[in-house]
Every structure is written in C-alpha cells, then in structure tokens.
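The sequence lines fix the lettering, A, B, ..., with proteins before strands; numbering per chain opens at 1. Any value given below was found using the heavy atoms of this structure, including those in side chains, with hydrogens, waters and symmetry copies removed.
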Number of protein chains: 2
Amino acid sequence: MGRKQTKSGKIRLTEVAKLAGVSPITASRFFRNPEALSLSKRERVDSAVKELGYVPNLAARALASHRTEVIGVVIPSLTNNVFADVLRGIYDSSEGSRYTIQLANTRYSILQEEKLLRLFRAQKPAGLIVTGINQTAESRAILESMNCPVTQIMEIGDSPVDMMVGFSHYDAASAAISHILEQGRRRIGFLGARMDPRVQRRFEGYRDAMKDASLFDPNLIVTTSVPTTVTLGGTLFADLLAQAPDIDAVFCVNDDLALGVLFECQRRQISVPGDLAIVGFNDLEFTASAVPSLSSVRTNRYEMGRHAVTMVIESIEGRRPQEPILDLGFQLMVRESSTPQSV
Amino acid sequence: MGRKQTKSGKIRLTEVAKLAGVSPITASRFFRNPEALSLSKRERVDSAVKELGYVPNLAARALASHRTEVIGVVIPSLTNNVFADVLRGIYDSSEGSRYTIQLANTRYSILQEEKLLRLFRAQKPAGLIVTGINQTAESRAILESMNCPVTQIMEIGDSPVDMMVGFSHYDAASAAISHILEQGRRRIGFLGARMDPRVQRRFEGYRDAMKDASLFDPNLIVTTSVPTTVTLGGTLFADLLAQAPDIDAVFCVNDDLALGVLFECQRRQISVPGDLAIVGFNDLEFTASAVPSLSSVRTNRYEMGRHAVTMVIESIEGRRPQEPILDLGFQLMVRESSTPQSV
DNA sequence: CAATCCGATGGTAGCGCTGTCAATAATTGT
DNA sequence: ACAATTATTGACAGCGCTACCATCGGATTG
C-alpha cells in the first residue's frame with residue numbers, strides 16, 4: 001500500500017495481480033467469479049484494483065472469452081413515444097448490471113431487421129431483445145441460431161423464440177370496444193395509422209368485437225400506413241366523418257390520434273363525449289389532463305422494458321425464468337371522453 | 001472460386017487472405033484503407049470476403065488497434081421528446097458509417113455524468129457527443145483528456161471542449177418574449193419545469209427581455225424542479241394565476257407545459273388568445289393542430305443529431321470542420337395562441 | 001545507368017485477457 | 001491416520017487482428 005501508479009504504462013490485469021501477489025488468472029477470476037477466491041485473496045485483489053484504478057479492457061476480454069457483455073435491442077422506431085418508455089425501462093434495468101445496451105432501429109423495415117439481426121449475431125451478444133412476434137422466417141431463423149437468450153417484447157403469442165414480455169393487443173382493443181358499447185354507442189369508428197402488426201392486432205380486436213355485436217361496418221374504418229401524428233388524427237377523423245357521418249364514437253389505435261380527433265372536434269364544435277366518445281390507446285401522460293380527459297388503454301411499457309432486461313440477464317446467468325411468457329396485461333382507463341357528461 | 005466454406009471452423013481474416021492469395025495483413029488493409037491496395041488484389045480480397053461471408057471480429061480489431069469504432073452519446077433523459085428527435089438524427093446519421101452508437105443516460109445527474117464519462121474514457125471511444133455546455137470541472141477535465149473528437153450539443157457557448165452544435169436558448173426565449181410584447185401584452189408569465197441549464201438560459205432570456213421593457217415582476221414567475229408533463233403545465237398555471245391574476249400571456253419553457261396551460265384554460269373558460277396568449281418551446285408536432293394552434297419556438301433537433309454525428313465522424317477521419325461551433329438557430333412559429341383572434 | 005524514391009506487400013510480434021487443465025492445499029469420512 | 005474428495009490456485013497457450021518495420025520491384029531523375 002502507499003504505492004502509486006506513476007509509470008507511463010497503463011494498468012493491466014498483470015499489474016493488479018502483481019500488486020496483489022496472485023497470478024493474473026486469479027485476478028481475472030476476481031471479476032468473473034469472486035466467490036471462487038479465498039477471502040484473503042479476494043480482499044488483496046480488491047484493494048489492488050482500487051489502488052491502481054484498474055479498468056478491464058473489454059475488447060481483450062471479449063476476444064479471449066468469445067463472449068461480450070452486450071445486450072442487443074431491436075426496436076422499430078425511435079420517434080414513437082411508446083418505445084421511449086420501453087427504452088427507459090431497458091436502460092434503467094441494465095444500469096446496475098455489467099451489461100451494455102446496444103440499440104438498433106429497424107424503422108419498421110423487415111429487411112433492415114434481418115440485416116441488423118445478422119449483424120448482432122456476428123457480434124455474439126450476451127442477450128437480445130427484439131420487438132414483436134412477427135419476424136420473417138429468415139429473421140426467426142437467425143434468432144433461433146443465435147446462441148443467447150432472446151426476449152420478444154411488446155406483445156405475446158404462442159411460439160416464443162425464447163421468451164416474451166408483453167400483452168394482448170387484441171384483448172386490449174376488445175376491452176376498449178366493449179367499454180364503448182356498454183356506454184350505448186353503436187357506430188364506433190376505427191382510426192389507425194402505421195398499421196404495424198400490433199396495430200393490426202388491435203384492429204382485429206375491434207373488428208371481432210364489432211362483429212360479435214353485429215355492428216361491424218367497413219365504412220367505420222379509416223387507416224393509413226403513414227406514421228402517426230396528432231395532426232393525422234384530425235385528418236383521418238375528417239375522412240371518417242365523410243364516410244360515416246353518423247358515428248357516435250371513435251377508437252384510435254393510439255393517443256396521438258385521439259388527441260388529434262379531440263382537437264378536430266373542438267374545431268368543428270362536435271361535443272365530446274356528448275356527440276362523440278373517444279378512446280385512445282397507450283395512456284400517454286397527456287390523456288389525463290386533456291379537456292375532456294381522454295379514455296385510453298394503459299400499457300405497461302416501462303415495466304416491459306425492465307422485465308425484458310431482467311429476464312435476459314437472469315437467463316444469461318443461468319437462472320432462466322420458470323415461465324417464458326410474461327403477460328403484463330393492460331388497464332382500461334375510463335375518463336370523461338367516453339362516459340356520460342357529468343355536468 | 002466455387003469453393004464453399006464447409007469446415008466447422010469460423011472464417012478468420014487468415015482464411016480470406018488464403019483464398020485471395022494474399023497475406024493477412026493485406027486483407028486487413030482491404031478494410032481499413034482499400035486505396036492502398038492494387039486494384040487486382042483489392043478485387044481478389046473483395047470476392048474472397050463475399051465468398052466466405054467473412055465478418056470482422058471487432059473485439060480483436062479493437063484489441064490490436066487500441067481503437068474502437070464506437071461513438072458515445074451522453075444525454076440527460078430518455079423520456080423527453082426533445083432527445084428522442086436528437087437521437088433519431090444521431091442514429092440515422094451513424095447508420096451508413098462504420099461507427100456504432102453507445103448511448104448513456106445521466107438522468108440529469110451530474111455525478112452520473114462524471115461516472116459515465118469516466119467509463120467512456122476507459123473504453124477509448126472513437127468520438128463522443130455530450131449534452132450541454134455546463135459540465136462540472138471534473139467532467140470537463142475528463143472530456144479534455146479524452147483522446148477523441150467531442151461534440152457538445154443542444155446549445156452553444158464560448159468555450160467548446162472541441163466542437164458544438166446547437167442554438168442560443170437565451171436568444172430563442174428573447175425572441176419569443178419580443179413577439180409577445182409586440183402583440184401588446186404586458187403581463188407575461190413564465191412557466192418552467194426541470195430547470196436544467198438550458199431551461200435556465202431560456203429563463204434568462206425571458207428575464208432580460210422583460211427587464212428591458214421594464215415589465216419584470218417576480219410574481220410572474222413559476223418554476224419547479226419536477227420533470228415536465230402536460231398535467232404539470234396545468235398545475236403551474238393555476239399557481240401562476242393565484243400569484244398574478246392579471247396576466248395576459250404565458251411563456252412556457254416547453255410545449256408540454258403549454259398544452260397543459262391550454263387545457264387548464266379550457267377548463268376555466270379562459271379564452272386563448274383572447275384573455276391569454278400562450279407560447280411554448282420546441283415546436284413539437286401537436287402544437288400546429290391544437291385548438292387554438294400553439295405558438296412555439298422551433299428547434300432543429302433532428303438536424304442537431306445529424307450534424308453532431310457528422311462532425312464527430314469527419315473529425316475522427318481527419319477532416320475536422322473549419323468552424324467548430326455550429327449554430328442551428330431557431331424559428332419562431334407564430335400561431336393562433338399568441339395572435340389576435342381572426343374570427 | 002546508378003542513385004533515389006515511392007507505392008505495394010509481407011513477416012513478426014504482440015494487444016490484454018481467459019479457457020483448459022493440471023497442481024496443490026484443505027477437508028472429509030472411516 | 002490415510003485415502004478420497006473438494007476447494008483454490010496457477011501455467012500455458014492462444015483468441016483474431018493490426019502496428020511496426022522490412023522488403024521489393026518499378027518509376028523517376030540527372
């Protein structure tokens with residue numbers, strides 16, 4: 001003790017080992033499996049590490065061990081608020097751990113996804129988190145050939161590549177429609193933008209719920225492949241009104257569209273919920289303070305991110321979760337926009 | 001040609017070199033500096049790479065070269081829409097390049113920032129992008145000791161660590177206030193949440209503009225350190241009304257707050273812009289379709305991300321930009337919420 | 001035509017760490 | 001007390017690539 005690192009040379013594991021009076025390999029084990037060391041050596045290495053301010057060289061570690069401590073995350077969009085929340089959960093959960101998050105963005109392109117997955121496979125990540133359950137056959141094959149835990153997020157289905165965290169978009173949409181029907185509304189419009197597989201599932205939930213009630217009508221439906229915005233909500237709603245002027249409710253596949261509809265109603269002096277009920281999806285923060293407050297379906301996105309990372313890490317470290325499929329469910333948030341006016 | 005890789009062994013650079021009939025080091029140069037190869041060898045290596053499906057081992061490369069191809073990005077928040085746009089620019093710009101983005105989130109903690117910077121320094125990134133210009137002395141020292149290009153984003157100032165891309169929050173806020181004053185409003189409230197350095201600068205812009213007009217009054221100011229939300233906008237506005245019932249305008253440090261104010265006005269039947277003008281900041285998408293549409297200050301966030309990456313990469317590759325400071329400016333978006341009612 | 005230079009190529013020697021397996025010390029059962 | 005077993009520890013080799021020279025042929029020059 002009392003020695004200082006003054007030489008120009010950087011500190012390698014060897015230096016730490018020398019100072020601690022152990023072999024390099026023992027020092028190495030200190031990081032990977034400290035329990036395997038005797039208490040005395042562990043303490044000696046520990047203080048040597050601190051004294052020298054040693055930082056492991058990750059490249060060398062990866063090269064020697066044929067492993068990395070990277071968890072790959074593949075999401076389709078960075079713009080979408082929804083993924084921001086998931087990402088926050090992912091980064092928060094990874095923080096305490098030794099693992100690093102490597103983010104990749106497919107921009108909703110299937111080809112891009114395949115490319116990215118191939119890239120990830122080449123880098124041998126410790127784990128992988130991918131969005132959705134509708135990978136192409138090719139992508140799925142890559143995922144299955146990947147020699148690491150994989151968690152699919154955002155939705156759940158029958159045949160996970162490995163693990164899944166999400167909820168049923170179909171059920172969530174059905175629940176929303178049931179709620180609107182219970183309010184006595186009959187002409188329920190559907191507004192959808194960027195019809196990715198999950199939005200598609202919400203549509204199916206809507207469609208089947210309407211069919212079950214014998215209220216299905218193609219005129220009630222307006223969709224587009226354009227990315228979602230608040231402004232788009234207004235535009236689509238205008239289209240919907242043109243197609244079906246007698247609607248008394250609208251189900252929007254996300255809250256941005258719902259807000260756009262609300263604004264458009266204000267513009268056209270359509271009373272909400274008097275003339276029209278609105279229900280959104282995702283329960284973004286603003287829904288609660290809109291006037292009238294917007295009903296929505298709460299999805300546990302932050303938790304989804306957290307769980308996904310936790311499951312992957314546990315799995316990497318040999319504690320694979322009992323249940324590979326985790327259903328985080330949803331909560332219907334009934335607010336003013338879909339209930340009788342209380343004034 | 002016509003040979004197939006069937007052996008179990010993975011493809012290393014050596015295999016590529018053998019197939020191409022060159023030495024490994026020449027094959028290596030093919031990736032780093034193809035111009036240095038003769039055309040014939042370049043073609044031979046190229047086809048060997050393709051035939052074998054060779055993928056470089058990045059860990060080995062990093063270990064041997066003492067460099068990585070990672071650009072670190074340090075941002076204070078993942079929740080904030082503003083950073084989502086910047087990130088999109090960053091990821092989009094990095095995509096074509098050989099560089100990988102490594103994202104880290106300080107959650108607005110100075111200590112966390114120092115920790116992350118230290119971590120990055122240890123990993124020798126090829127470049128670094130950090131948020132803001134108010135690093136602690138310690139952080140700044142780390143940045144300066146970092147042996148790579150560094151770009152500070154979101155705002156600009158006098159003494160860049162290396163490079164900067166951003167705009168003047170002070171000027172942007174001043175411009176917003178001037179505009180409101182031009183509308184004949186005199187009692188202009190200030191609403192601020194999470195007073196980070198940039199928000200602080202906007203405040204100063206507001207304060208000085210008000211002082212210049214001899215209209216400054218502490219009662220017009222409501223701020224909090226709580227993270228910003230739409231709901232919070234309503235709450236702060238209620239506080240402001242209690243403090244200064246005679247206000248005729250509000251400048252909000254971001255659009256979420258502005259939307260919250262708008263909703264609160266709807267709730268209280270305060271006419272906008274009749275009784276109250278509202279101006280937000282950032283020009284998020286929804287401002288244009290709100291009723292009334294919300295005036296705001298457009299900031300070029302996506303471009304900021306793009307430029308930051310480009311500047312860093314150019315700099316890494318020896319083409320350092322002439323001007324280390326890039327001012328992306330802002331645009332005052334004047335909309336209904338701050339102009340005379342046109343009805 | 002020799003002296004010089006330059007562009008293209010290759011040989012050697014690691015980068016810093018960990019996998020494998022052998023060696024040694026500590027512990028246990030009978 | 002002694003063999004058998006289990007915890008600790010270490011030696012060695014090598015992961016896949018590139019830095020650093022050395023080399024070599026050919027173009028340039030006077």
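OP1 or OP2 of dA8(C) has not a single side-chain nitrogen or oxygen of Ser38(B) nearer than 4.0 Å. Between Thr26(A) and dG10(D) there is a side-chain N or O to OP1 or OP2 distance below 4.0 Å.
Residue Ile25(A) places its side chain closer to dA11(D) than to any other of dA11(D), dC15(D), dC17(D). The listed nucleotides are dT18(C), dG14(C), dT9(D); the one nearest the side chain of Leu13(A) is dT18(C). In the set dT18(C), dT9(D), dG10(C), dT18(C) carries the atom at the smallest distance from any side-chain atom of Ser65(A). Set against dA8(C), dC15(D), dG19(C), the side chain of Leu63(A) has dC15(D) as its closest nucleotide.
Residue-environment remark: CG (Asn147(B)) stays at or below the threshold of 12 foreign heavy atoms within 6.0 Å.
Counting to the nearest Å, the P atom of dG16(C) and the CG atom of Asn57(B) are 17 Å from each other. Atom pair Glu35(A):CD and dT8(D):P shows a separation of 11 Å (rounding to whole Å applied). The separation between Phe31(B) atom CZ and dC17(D) atom P is 9 Å, rounded to whole Å. Distance NZ (Lys41(A)) to C1' (dT24(C)): 11 Å, rounded to an integer number of Å. Distance CG (Leu37(A)) to P (dA25(C)): 18 Å, rounded to an integer number of Å. Between the CZ atom of Arg32(A) and the C1' atom of dG19(C) there is a distance of 8 Å, rounded to whole Å. Atom CZ in Phe30(B) sits about 15 Å away from atom P in dG10(C), given to the nearest Å. In this entry the distance linking CG of Asn33(B) with C1' of dA19(D) reads 14 Å, nearest Å.
The CG atom of Leu63(A) sits 12.5 Å away from atom OG1 of Thr68(A), with the distance rounded to the nearest 0.5 Å. Distance check, rounded to the nearest 0.5 Å: CD of Gln102(A) to CG of Leu128(A) gives 11.0 Å.
Along DNA chain C, the nucleotide closest to Arg29(A) and the one closest to Arg12(A) are compared, and the more 5′ of them pairs with Arg12(A).
A salt bridge links Arg107(B) and Glu95(A); the closest N-O separation between the charged side-chain nitrogens and carboxylate oxygens is under 4.0 Å.
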**Study point:** Arg306(A) and Thr310(A): CA distance, side-chain angles, deciding distance, side-chain hydrogen bond (donor to acceptor under 3.5 Å, both in side chains) verdict
**Key:** CA-CA 6 Å; Arg306(A) 287 197 69 96; Thr310(A) 309; 5.7 Å; no

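Taking 3.5 Å as the limit, the base of dG19(C) and the side chain of Arg67(A) contain no donor-acceptor pair of atoms between them.
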